[in-house]
Novice: 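This is the structure I want to talk about, given as structure tokens.
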Amino acid sequence: MFSQEAFKIFEQSIVQYHVLDSVDQKFVNPYAQGKIEHLLYRKNWIDTVQWHYEDIIRDPDIEPVAALELKRKIDASNQERTDLVEYIDSYFLQKYADVEILENATINTESPAWAIDRLSILALKIYHMKEETKRADASAEHIKACKSKLAVLLEQKKDLSTAIDQLLADIEAGRKYMKVYKQMKMYNDDELNPVLRGQKQG
């Protein structure tokens, strides 16, 4: 099933990141360009780096200049994440381009790639919650609470994976159709963000 293979790739990316565990490490994609695996690995790597950006920026002792620089990296990461989601949706649009859509076909609340985006984030949550259950310095109460949370995350993984695979099966059978809206991010656009527009005009 697609979701199972995608999750394996997400786990591979997360484990590889934590070998060095640095947001500044060089990114190397083990999958060839043009393959969906390449996009999935890149997508999760972006999510993983951003996860750790978010940890760093919450340091109460972070210097304001460093925080501002990191905030801009997070903004850029968000844009790249959105771009990757759209690339993944383009893959599915092309894959199912010749499917005959049934007369009573319906549209889903989210595209396949945005559901896969949620699965990528869930893979990160599961990885880090598992790490919490192994901490030698944590209390028994903490370990117990984290194991309970991990059980919920694993249930979410099962449900989300089923939903993704069902959505793809429905699209392939013509029971559902894809309609992708390009994300209209406004904060990085110097024509739409009034602050950036003012700087441009000045």
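These figures come from a predicted structure and were not determined experimentally.
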Novice: Can you check whether D89 reaches P112 side chain to side chain, under 4.5 Å on heavy atoms?
Specialist: yes
Novice: Where is the tightest heavy-atom contact between A173 and V99, given as atom of each residue plus distance?
Specialist: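 Of all heavy-atom pairs spanning A173 and V99, the closest is C-CG1, 4.4 Å.
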Novice: Please determine whether residues V23 and Y41 belong to a single hydrophobic cluster, defined as Ile, Leu, Val, Met, Phe, Trp and Tyr linked transitively by side-chain heavy-atom distances below 4.5 Å.
Specialist: yes
Novice: Less than 4.5 Å apart, side chain to side chain, heavy atoms only: is that true for T48 and S13?
Specialist: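 Yes, at least one pair of side-chain atoms sits under 4.5 Å.
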Novice: Are Y127 and E11 close enough that some pair of their side-chain heavy atoms sits under 4.5 Å apart?
Specialist: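 When only atoms from C-beta onward are counted, E11 and Y127 do not touch, as no gap falls below 4.5 Å.
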Novice: Verify whether one side chain among D83 and Q79 offers a donor that lies under 3.5 Å from an acceptor in the other.
Specialist: yes
Novice: Between I56 and I62, which heavy-atom pair has the shortest distance, and what is it?
Specialist: O-CD1, 3.9 Å
Novice: Using every non-hydrogen atom in the two residues, find where S120 and D47 come nearest and quote the distance to one decimal.
Specialist: OG-OD2, 2.6 Å
Novice: Would you please name every residue forming a salt bridge (charged side-chain N to carboxylate O under 4.0 Å, His left out) with D98, sequence neighbours left out?
Specialist: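 Not a single residue meets the salt bridge (charged side-chain N to carboxylate O under 4.0 Å, His left out) criterion with D98.
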Novice: Given Y31, which of H38, Q12, E37 fulfils the side-chain hydrogen bond (donor to acceptor under 3.5 Å, both in side chains) condition?
Specialist: Q12
Novice: With heavy-atom distances below 4.5 Å as the criterion, would you say the side chains of H52 and D55 are in contact?
Specialist: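 The answer is yes; the side chains approach within 4.5 Å.
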Novice: What are the two closest non-hydrogen atoms of I143 and K134, and how far apart are they?
Specialist: CD1-N, 4.4 Å
Novice: So F7 and F10, would you call those rings parallel, tilted or perpendicular, with 30° and 60° as cut-offs?
Specialist: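 Because their plane-to-plane angle is over 60°, the rings of F7 and F10 count as perpendicular.
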Novice: Is the shortest heavy-atom distance from the side chain of Q166 to the side chain of R175 under 4.5 Å?
Specialist: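 With C-beta onward as the side chain, the pair touches.
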Novice: Determine the minimum heavy-atom distance between Q25 and Q16, stating which atoms define it.
Specialist: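 The pair with the smallest heavy-atom distance is OE1-O, 4.2 Å.
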Novice: I'd like to know if the side chain of S148 and the backbone of K144 have a donor-acceptor N/O pair within less than 3.5 Å.
Specialist: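 It does not hold such a pair.
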Novice: Can you get from Y96 to L93 by hopping between Ile, Leu, Val, Met, Phe, Trp and Tyr side chains that sit under 4.5 Å apart?
Specialist: yes
Novice: Quick check for you: to the nearest 0.5 Å, what is the distance between L70 atom CG and E63 atom CD?
Specialist: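 It is 13.5 Å, given to the nearest 0.5 Å.
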Novice: In the structure I gave you, are the side-chain heavy atoms of Y87 and R42 within less than 4.5 Å of one another anywhere?
Specialist: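 In short, these two side chains do not touch, never coming nearer than 4.5 Å.
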Novice: Please lay out, stage by stage, how E5 and K8 fare under the test salt bridge (Lys or Arg N to Asp or Glu O under 4.0 Å).
Specialist: CA-CA 5 Å; E5 295 306 312; K8 286 180 182 178; 3.8 Å; yes
Novice: In the single-linkage hydrophobic clustering (I, L, V, M, F, W, Y; side-chain heavy atoms under 4.5 Å), do Y53 and Y17 co-cluster?
Specialist: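 Yes, because Y53 and Y17 connect within a single hydrophobic cluster, where side-chain heavy atoms sit under 4.5 Å apart.
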Novice: Just by distance, do the side chain of T162 and the backbone of K158 share a donor-acceptor pair under 3.5 Å?
Specialist: yes
Novice: Mind checking the CG-OG spacing from L167 to S3? Nearest 0.5 Å is all I need.
Specialist: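 So the gap between those two atoms works out to 11.5 Å.
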Novice: If you group Ile, Leu, Val, Met, Phe, Trp and Tyr by side-chain heavy-atom gaps below 4.5 Å, do I14 and L84 land in one group?
Specialist: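 Different hydrophobic clusters.
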Novice: Classify the angle between the aromatic ring planes of H18 and H128 as parallel (below 30°), tilted (30 to 60°) or perpendicular (above 60°).
Specialist: perpendicular
Novice: Return the minimal non-hydrogen interatomic distance between Q50 and N78, and the atom names on each side.
Specialist: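 That would be NE2-OD1, 2.9 Å.
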Novice: Checking side chain to side chain contact (heavy atoms under 4.5 Å, CB included) for the pair Y177/I171: CA distance, chi angles, key distance, verdict?
Specialist: CA-CA 6 Å; Y177 62 93; I171 293 172; over 6 Å; no
Novice: According to ring-ring contact (aromatic ring centres under 6.0 Å, His included), does anything in residues 137-174 pair up with another residue at least two apart or in another chain? List the pairs.
Specialist: none
Novice: Taking the side chain as every heavy atom from C-beta outward, state whether I88 and F92 have any pair of such atoms under 4.5 Å apart.
Specialist: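 When only atoms from C-beta onward are counted, F92 and I88 do touch, with a gap below 4.5 Å.
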Novice: Do T106 and K176 have side-chain N/O donor and acceptor atoms under 3.5 Å apart?
Specialist: yes
Novice: Give the intermediate values and the outcome of side chain to side chain contact (heavy atoms under 4.5 Å, CB included) for residues L40 and I36.
Specialist: CA-CA 6 Å; L40 294 172; I36 185 60; 4.1 Å; yes
Novice: If I take atom CD from residue E54 and atom OG from residue S77, how far apart are they, to the nearest 0.5 angstrom?
Specialist: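 Taking CD in E54 and OG in S77, the distance rounds to 8.5 Å.
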Novice: Working to the nearest 0.5 Å, report the span between CD of E80 and NZ of K43.
Specialist: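 Here the rounded value is 10.5 Å.
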Novice: So, do L168 and E172 sit near enough that their side-chain heavy atoms are less than 4.5 Å apart?
Specialist: no
Novice: Run the salt bridge (Lys or Arg N to Asp or Glu O under 4.0 Å) check on E132 and K149 step by step: do they pass?
Specialist: CA-CA 10 Å; E132 287 297 312; K149 292 176 181 178; over 6 Å; no
Novice: Can N108 and E110 be said to form a side chain to side chain contact (heavy atoms under 4.5 Å, CB included), step by step?
Specialist: CA-CA 5 Å; N108 205 50; E110 63 185 351; 4.0 Å; yes
Novice: Could you list the residues that satisfy side-chain hydrogen bond (donor to acceptor under 3.5 Å, both in side chains) with D137, not counting sequence neighbours?
Specialist: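 For D137 the side-chain hydrogen bond (donor to acceptor under 3.5 Å, both in side chains) partners, ignoring immediate neighbours, are R135.
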Novice: Determine, stepwise, if the pair N44 / I9 fulfils side chain to side chain contact (heavy atoms under 4.5 Å, CB included).
Specialist: CA-CA 8 Å; N44 181 266; I9 292 171; over 6 Å; no
Novice: Kindly compute the distance separating CG (L122) from CD1 (I116), expressed to the nearest 0.5 Å.
Specialist: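 Those atoms lie 13.5 Å apart.
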Novice: Which distance, rounded to the nearest 0.5 Å, do you find between the CG of L119 and the CD of Q4?
Specialist: 11.0 Å
Novice: Look at the side-chain heavy atoms of Ile, Leu, Val, Met, Phe, Trp and Tyr, link any pair under 4.5 Å apart, and say whether L124 and M129 land in one connected group.
Specialist: no
